[in-house]
Number of protein chains: 2
Amino acid sequence: MTEKKKTAKRTRRPLTEIRQENIDQIVKAAEKQFADNGFSGTTVSSIAEAAGLPKPNVLYYFKSKEGLYRAVLKRILELWMEAMHDLHAEDHPREALRGYIVRKLRQSRDFPDASKIFAAEILHGAPYVREELEGPLKRQFDDTVAVFRAWIAKGWMDPVNPEHLLFTLWASTQSYADFALQMKVLLGREELADDDFDNAIELLTRLVLKGCGVKMV
Amino acid sequence: MTEKKKTAKRTRRPLTEIRQENIDQIVKAAEKQFADNGFSGTTVSSIAEAAGLPKPNVLYYFKSKEGLYRAVLKRILELWMEAMHDLHAEDHPREALRGYIVRKLRQSRDFPDASKIFAAEILHGAPYVREELEGPLKRQFDDTVAVFRAWIAKGWMDPVNPEHLLFTLWASTQSYADFALQMKVLLGREELADDDFDNAIELLTRLVLKGCGVKMV
DNA sequence: CCATCTTCTGACCATTTGGTCAAAAGGTTA
DNA sequence: TAACCTTTTGACCAAATGGTCAGAAGATGG
């Protein structure tokens with residue numbers, strides 16, 4: 001069902017551009033497929049079809065299915081680490097935590113496939129991201145936990161367990177991507193609307209700030 | 001590597017018992033495999049091997065891989081619904097919510113595979129549990145939400161969004177099964193210990209009760 | 001002990017799938 | 001335009017996998 005007249009469209013484009021565009025197309029298609037069907041459930045053919053290319057062409061750019069998956073994962077992990085930035089000990093948790101929640105929820109809304117792929121990867125034993133977990137992500141984790149401790153030391157926050165607080169923040173925000181389907185069904189929505197995300201922001205912010213003894217103002 | 005001398009061991013056992021034991025063995029092995037590798041990533045052979053039976057024997061009890069998966073899912077869903085019971089409008093949220101959190105966390109600790117299979121199923125579009133979601137689970141959901149509303153009406157709880165409160169409870173407790181690996185790595189633990197679960201109970205209870213304006217005593 | 005039912009299992013098969021390859025086609029550069 | 005890249009693609013292959021089947025082995029009831 002790939003109706004695009006590729007040959008016609010591709011005439012006269014420089015090679016570098018072709019390469020970049022094809023790779024983008026493939027990665028994008030792969031992300032969707034992997035999110036929907038998991039690594040094992042995804043076939044190279046289905047990715048190729050979704051990208052509008054013949055299968056060997058996909059294997060031409062990425063040596064193997066695993067290589068493609070790794071490439072997709074890499075992109076995702078970078079996106080992942082971004083949202084964790086901008087939590088600083090100097091900022092007051094009142095704004096910092098709300099901002100973090102907003103950012104994480106936005107990520108769940110805008111990049112649900114990334115979240116799903118990451119979740120499935122962890123779920124199944126993190127065979128491809130073990131190292132990233134132990135290295136960069138752990139550092140980020142420790143830094144963020146340190147910020148929480150600093151807030152506690154300054155009396156800006158009750159002495160709650162900082163590690164588990166961060167786990168809870170991750171879990172509750174990420175679930176708006178991973179379990180969006182369940183939420184849709186249970187809320188009787190066709191799609192999660194902005195309203196739903198606003199409600200999520202409000203509830204989560206309230207639970208965290210009030211629950212940790214941060215004045216909400 | 002299946003070293004069990006089956007023939008010797010199986011002599012003299014009545015048929016019904018054999019049947020029951022084999023089915024149990026198979027389902028148990030399947031649950032592990034599906035949790036670790038997902039539906040597509042699991043082979044009937046691997047289940048058979050883990051159950052200590054030849055492959056055709058597995059297909060003898062369950063007509064197909066899909067049939068076996070459905071059987072596993074059914075068990076899981078029943079387990080699932082159980083923990084949601086025992087939230088009643090008459091009870092005070094102070095004890096009821098803590099009890100719920102404890103129960104859910106215990107479930108994550110004791111049956112992580114069930115949780116993982118369910119999570120993966122939702123993640124990938126719930127192809128096999130759509131109906132259960134729309135039927136029994138939605139009813140349970142609505143009932144629980146109604147309990148929250150009743151608490152709010154009685155002034156036992158601040159007027160928070162009850163649907164999202166339940167989502168958050170689910171997400172944060174379930175993550176102790178689904179993302180246990182990530183937690184282990186980030187906490188530098190070999191395994192999650194009782195202490196970790198105690199900390200989780202304390203933090204979650206605090207966030208929810210204090211965050212929702214329930215007096216903690 | 002015999003007839004009958006259930007369980008077990010090696011051998012086999014059709015399909016799917018990741019991956020290869022050679023050759024054609026398109027693009028680049030002098 | 002000619003020599004030399006890179007990209008595209010149909011045809012093909014070996015391995016893995018879900019599932020079948022016929023017949024052996026075990027259990028049951030009279």
Side-chain angles (χ1 to χ4, degrees), chain A residues 1-27 29-30 33-34 36-72 127-128, chain B residues 1-27 29-30 33-34 36-72 127-128:
Chain A
M1 303 296 153
T2 311
E3 308 265 2
K4 269 195 281 188
K5 272 274 144 302
K6 299 159 237 167
T7 29
K9 194 180 173 189
R10 282 217 184 90
T11 322
R12 294 288 144 205
R13 275 182 321 162
L15 284 177
T16 56
E17 188 185 324
I18 289 182
R19 188 174 190 84
Q20 192 54 53
E21 183 172 323
N22 278 345
I23 287 182
D24 284 354
Q25 207 73 2
I26 292 170
V27 169
Q33 293 296 312
F34 284 136
D36 285 351
N37 310 305
F39 178 75
S40 308
T42 298
T43 70
V44 179
S45 307
S46 75
I47 295 173
E49 193 181 339
L53 298 168
K55 184 177 69 163
N57 207 345
V58 172
L59 274 315
Y60 167 72
Y61 286 107
F62 298 87
K63 304 279 197 314
S64 68
K65 180 181 166 183
E66 185 183 319
L68 177 47
Y69 182 66
R70 290 201 126 96
V72 169
Y128 299 104
Chain B
M1 301 296 156
T2 312
E3 307 266 4
K4 268 195 280 188
K5 272 273 142 302
K6 299 159 239 167
T7 29
K9 195 179 171 187
R10 284 218 182 91
T11 323
R12 295 284 143 207
R13 276 179 321 161
L15 285 178
T16 54
E17 189 186 324
I18 288 181
R19 188 175 190 84
Q20 193 53 54
E21 184 173 323
N22 278 345
I23 287 182
D24 285 354
Q25 207 72 4
I26 292 169
V27 169
Q33 293 295 312
F34 285 137
D36 285 351
N37 311 305
F39 177 75
S40 307
T42 298
T43 69
V44 179
S45 307
S46 75
I47 295 173
E49 193 181 339
L53 298 168
K55 183 176 71 164
N57 207 345
V58 171
L59 274 314
Y60 168 70
Y61 286 107
F62 298 88
K63 303 277 199 310
S64 67
K65 179 180 166 184
E66 185 183 320
L68 177 47
Y69 182 67
R70 291 201 126 96
V72 169
Y128 298 104

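What's counted below: heavy atoms across the whole structure, side chains too, no hydrogens, waters or symmetry copies. In the text below, chain A, chain B and the rest are named by the order of the sequence lines, each starting its count at 1.
Residues satisfying the ring pair (Phe, Tyr, Trp, His ring centres under 6.0 Å) test with A:Phe62, not counting sequence neighbours, are none. Take A:Tyr61 and apply the ring pair (Phe, Tyr, Trp, His ring centres under 6.0 Å) test, not counting sequence neighbours, and it matches no residue. Scanning for side chain to side chain donor-acceptor pair (under 3.5 Å) contacts around B:Thr43 gives B:Ser46, with sequence neighbours left out.
Note: CD (A:Glu49) to P (D:dG10) measures 13 Å, nearest angstrom. One interatomic measurement links the two molecules: OH of B:Tyr60 to P of C:dT7, which rounds to 3 Å at whole-angstrom precision. At whole-Å resolution of the value, CZ in A:Phe62 and C1' in C:dT20 are 19 Å apart. Distance CD (B:Glu21) to P (C:dT7): 13 Å, rounded to an integer number of Å. Nucleotide C:dG19 holds its P atom 11 Å from the CD1 atom of A:Ile47, rounded to whole Å. As a whole-Å value, the separation of B:Ile26 CD1 from C:dT7 P is 11 Å. For B:Ile18 and C:dT7, the CD1 to C1' distance is 7 Å, given to the nearest whole Å.
Applying the salt bridge (Lys or Arg N to Asp or Glu O under 4.0 Å) definition to pairs two or more places apart or across chains, those involving residues 55-70 of chain B are B:Glu66-B:Arg70. Every pair tested for salt bridge (Lys or Arg N to Asp or Glu O under 4.0 Å) that includes a residue from residues 38-47 of chain A fails, sequence neighbours excluded, so the list is empty.
Remark: side-chain polar atoms of A:Ser40 are not paired, donor with acceptor, to backbone N or O of B:Ser40 under 3.5 angstrom.
Using the six-membered ring where Trp is involved, B:Phe34 and B:Phe39 have ring planes that are parallel, under 30° apart on the 30 and 60° scheme.
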Which protein N or O atoms sit under 3.5 Å from an N or O of nucleotides 16-19 of chain D?
| from | atom 1 | to | atom 2 | distance (Å) |
| --- | --- | --- | --- | --- |
| D:dG18 | OP1 | B:Thr42 | O | 3.2 |
| D:dG18 | OP1 | B:Lys65 | NZ | 3.1 |
| D:dG18 | OP2 | B:Val44 | N | 3.0 |
| D:dG18 | N7 | B:Lys55 | NZ | 3.1 |
| D:dG19 | OP2 | B:Lys65 | N | 2.7 |
| D:dG19 | N7 | B:Lys55 | NZ | 3.3 |
| D:dG19 | O6 | B:Lys55 | NZ | 2.9 |

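Closest approach to the B:Tyr61 side chain among C:dC8, D:dT9, D:dT8 is made by C:dC8 (side chain taken as heavy atoms from C-beta onward).
At least one side-chain nitrogen or oxygen of A:Arg19 sits closer than 4.0 Å to the OP1 or OP2 atom of D:dT7. For the OP1/OP2 pair of D:dT6 and a distance below 4.0 Å, the side-chain nitrogens and oxygens of A:Asn22 include no atom meeting the criterion. For B:Asn57, no side-chain nitrogen or oxygen approaches OP1 or OP2 of C:dG10 to under 4.0 Å.
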